[in-house]
Amino acid sequence: MQRAFVSAHTWLLTCRATACHVALENSKLASGSVLPRPVVAISTFYVPCTSRSGQTLKSSDSMESVIELAYEGLYMLRIELVFLVVFGLLWVAGRVFGTAKRTQPGNPKGSGRKAGPASTQRRPGLTQRRPGSGDENLSPNLPISAVDPKKLQNASWVVTQVTQLCRSQVQKALELYRAALRAGLNLEEMLAEESQQLSTGLVTAAIRVGQAEDALGVMKDLRRVGLSTDPALLASATKQLARKGLFADCLAIYDFASQDPKLTIQDKSVWSCLLFCAVETKGYGRCAYFFERLKACGAPSPKDFGNMVRFASSTGNWRLALSLIDEMHKAKVEVDSVVYNTVLAACVSAEQLDQARQLLDDMVEAGGVTDVITYNTLAKGYAKAGCMDTCFELYNLMRSRGLTPSQVTYGILLDGFINDNEVEKAVEIFNTMRAEGCQMNTVLYTTLIKGFARAGQVDQAVKIYEEMQKERSMQPDVITFSILIKANCDVGRLEEALKMLLAMKEAGLKPDEVVFNNLLGGCINDCKIDLAKDLYKEMLASSVKPSVATFSILIRLYAQCKRWDEAVDLLRQELPAQRVVPEPRLYGQLAQCCLRDRQGRRATEVYKMLTDHSTPTAAMNSTLLGMCAKLNMLDTGAEIMHLAANAASRVDPRDAAMMLEAALRKKKPQVMDTLKDAMIKLKLPVHA
DNA sequence: TTAGGGTTAG
């Protein structure tokens with residue numbers, strides 16, 4: 001940045017110096033100090049002149065100064081004037097000769113088309129066209145609707161006009177093109193060169209202004225009249241779209257083009273662009289195919305490998321990620337630290353810590369590719385796995401290898417020790433961090449707040465927050481407030497939590513789903529149903545979409561407050577209304593809550609709702625049947641077995657046998673009959 | 001282009 005600024009400044013000074021020099025040279029010339037001043041005759045005219053003191057000058061004096069000024073101006077611009085005259089003459093000559101050429105006999109178009117080999121190749125069945133109805137350009141102010149239909153039917157005229165308009169008036173170009181089609185312009189009867197020029201011009205111009213749909217529309221028009229997709233057009237369109245970041249449009253245009261059986265894409269860069277677009281749009285299903293086709297056209301570039309590594313990492317395919325590194329080595333393609341780190345992250349996310357460690361060793365051996373991010377990535381993996389000792393060792397190794405830990409490094413260690421309940425270690429890290437001059441930031445402060453909140457020291461957590469507020473550079477963010485709100489809710493300080501909500505809004509932060517979920521969770525203990533409903537309404541009103549977590553919390557709330565009807569309605573109506581995925585465990589959760597409160601009928605009702613959406617797992621049946629047996633709700637257990645059998649769900653034979661035994665023990669013949677029927681249906685052995 | 005902090009679920 002600094003260097004860019006310096007060079008920009010130097011450049012500016014150079015420009016200024018040049019301008020001064022030119023001005024000086026011109027003034028020298030004008031004053032005759034270098035060359036004698038030429039004499040120019042200018043007709044005399046009266047100009048009223050006023051001196052600075054307000055005195056009117058004599059007309060002869062003023063005239064002289066005006067003439068001198070005009071003369072000096074003309075003389076200073078003499079080179080420019082010569083150029084202007086020469087170019088003017090050339091332009092006039094061009095117009096005259098061009099018109100003469102177009103009106104020559106044997107050139108039926110009369111529009112000055114370029115004579116290339118393609119222009120002489122007519123498509124089969126092409127009829128001789130009548131001469132054009134005019135050469136003149138489209139008037140700038142003439143609406144397209146007012147253009148003579150004869151002109152619109154003249155392919156050459158349309159191509160020329162559209163091509164010109166494409167340069168600066170893309171909308172008008174598209175409008176003219178569409179008007180021409182409506183007026184009867186036949187794309188299939190045009191010369192190959194003409195239709196190519198027209199389509200390429202329109203497609204590239206439309207993409208240039210971000211109107212990919214119009215570009216696709218033009219390609220569809222060509223297809224409609226039986227013209228095959230031009231591979232060069234597809235290539236330029238895909239490259240342009242990828243460069244402009246219109247990834248989905250790029251894939252859409254490819255999808256359309258690939259429907260053409262005659263089209264073969266041999267341009268490697270097209271596959272390269274498509275792979276990039278697929279990764280960007282998370283269209284991971286097609287990455288492997290694009291890469292395969294790319295390789296069929298030639299050797300992949302480092303960027304192509306980079307995109308494949310991103311794909312592998314995003315889909316959790318650590319094996320593929322590692323194999324890509326091998327492939328790069330074999331192809332003698334340089335593997336940079338970003339690619340290495342991405343593969344490392346893929347291994348870490350897949351909890352393949354041994355593989356990740358091996359990769360770090362490989363990187364060290366390769367030399368010059370490990371950085372702070374490498375160590376942080378692996379350190380996070382160890383922290384997540386609860387291996388804080390190894391994590392700390394890695395931190396020391398990193399330091400011993402001459403790398404300076406960053407805020408992120410300290411963030412990982414601090415959070416790791418906090419999650420591990422090793423407060424002393426966390427404090428030690430914090431002290432090292434401060435001693436080494438590492439600056440605090442929002443994340444580090446938030447991690448500290450989380451540490452105090454976890455230790456139940458909410459007042460201390462709030463103190464840190466207050467300290468943060470004093471520092472302008474690191475204001476609390478949504479996560480900071482989220483943790484503070486939860487900390488207050490967890491100790492029953494709902495009022496404080498609501499104050500925090502207000503404070504975050506005042507700070508210009510928009511509460512997100514987690515913030516609302518935490519507040520809803522805070523309503524459970526004291527059954528603050530009305531407050532929860534208000535919060536839920538506010539959540540929807542502020543366009544925050546509830547999730548499975550929200551519904552899970554609301555189920556707990558309604559169950560705690562024994563609002564069973566509302567709980568059932570929540571899953572029956574509100575869940576689909578909010579388009580939340582009806583996860584089986586939500587039904588399982590509510591069914592368990594019902595059983596715990598001995599609400600047998602409602603439990604079976606919820607279980608029925610579950611079977612309407614999906615097939616309950618054997619594990620879920622086991623949990624519910626186990627509860628029924630434990631709570632001596634044998635009728636409910638038998639009903640659940642019956643519903644499970646109807647839904648072709650699996651029931652563990654041990655659970656079924658246990659239910660049957662309990663019914664026998666409690667002497668419930670009716671229940672036994674229901675159970676036996678269900679067991680037969682479930683193809684389970686009936687021993688009792 | 002790659003690394004750190006937040007919610008549910010007995």
Any chance you could lay out the side-chain hydrogen bond (donor to acceptor under 3.5 Å, both in side chains) test for A/Asp477 and A/Thr480, step after step, and finish with the verdict? CA-CA 5 Å; A/Asp477 63 10; A/Thr480 319; 2.9 Å; yes
Between [N] ([atom2]) and [X] ([atom1]): distance, integer Å:
X: A/Leu520; N: B/dT8; atom1: CG; atom2: P; result: 12 Å
X: A/Tyr382; N: B/dG4; atom1: OH; atom2: C1'; result: 18 Å
X: A/Leu570; N: B/dT8; atom1: CG; atom2: P; result: 17 Å
X: A/Asn518; N: B/dA9; atom1: CG; atom2: P; result: 12 Å
X: A/Leu590; N: B/dT8; atom1: CG; atom2: C1'; result: 14 Å
X: A/Met620; N: B/dA9; atom1: CE; atom2: C1'; result: 11 Å
X: A/Ile412; N: B/dG4; atom1: CD1; atom2: P; result: 6 Å
X: A/Leu586; N: B/dT7; atom1: CG; atom2: C1'; result: 14 Å

Determine the contact category for [X]: base if any of its heavy atoms lies under 4.0 Å from a base atom, sugar-phosphate if only primed atoms, P, OP1 or OP2 are that close, otherwise nothing.
X: A/Thr442; value: base
X: A/Asn419; value: nothing
X: A/Val515; value: base
X: A/Leu413; value: nothing
X: A/Gln407; value: base
X: A/Ser406; value: base
X: A/Val478; value: base

Is it the case that the base of [N] and the side chain of [X] share a donor-acceptor contact (distance under 3.5 Å, atom types as modelled)?
X: A/Asp512; N: B/dG6; answer: yes
X: A/Ser482; N: B/dG6; answer: yes
X: A/Asn341; N: B/dT2; answer: yes
X: A/Thr480; N: B/dG5; answer: yes
X: A/Asp477; N: B/dG5; answer: yes

State plainly whether the residues [X] and [Y] are in salt-bridge range, i.e. N to O under 4.0 Å.
X: A/Glu538; Y: A/Lys505; result: yes
X: A/Arg572; Y: A/Asp612; result: no
X: A/Glu605; Y: A/Arg601; result: yes

Looking only at the side chain of [X] (C-beta and beyond, no hydrogens), which of the listed nucleotides [options] gets closest?
X: A/Lys486; options: B/dG5, B/dA3, B/dT8; value: B/dT8
X: A/Val408; options: B/dA3, B/dT1, B/dG5; value: B/dA3
X: A/Ser552; options: B/dA9, B/dT7, B/dG6; value: B/dA9
X: A/Arg310; options: B/dT8, B/dG6, B/dT1; value: B/dT1
X: A/Ile373; options: B/dA9, B/dA3, B/dG4; value: B/dA3
X: A/Ile553; options: B/dT8, B/dA3, B/dG5; value: B/dT8
X: A/Ile479; options: B/dA9, B/dG4, B/dG5; value: B/dG5

Between A/Phe481 and A/Tyr465 (judged by ring centroids, cut-off 6.0 Å), do the two rings come close enough to count as a pair? yes
B/dG4 phosphate, OP1 or OP2: any side-chain N/O from A/Lys384 under 4.0 angstrom? no
Would you give the length of the straight line joining atom CG of A/Asp362 to atom CG of A/Leu344, rounded to the nearest 0.5 angstrom? 10.5 Å
Does the side chain of A/Ser547 pick up a donor-acceptor pair with the side chain of A/Glu513 at under 3.5 Å? yes
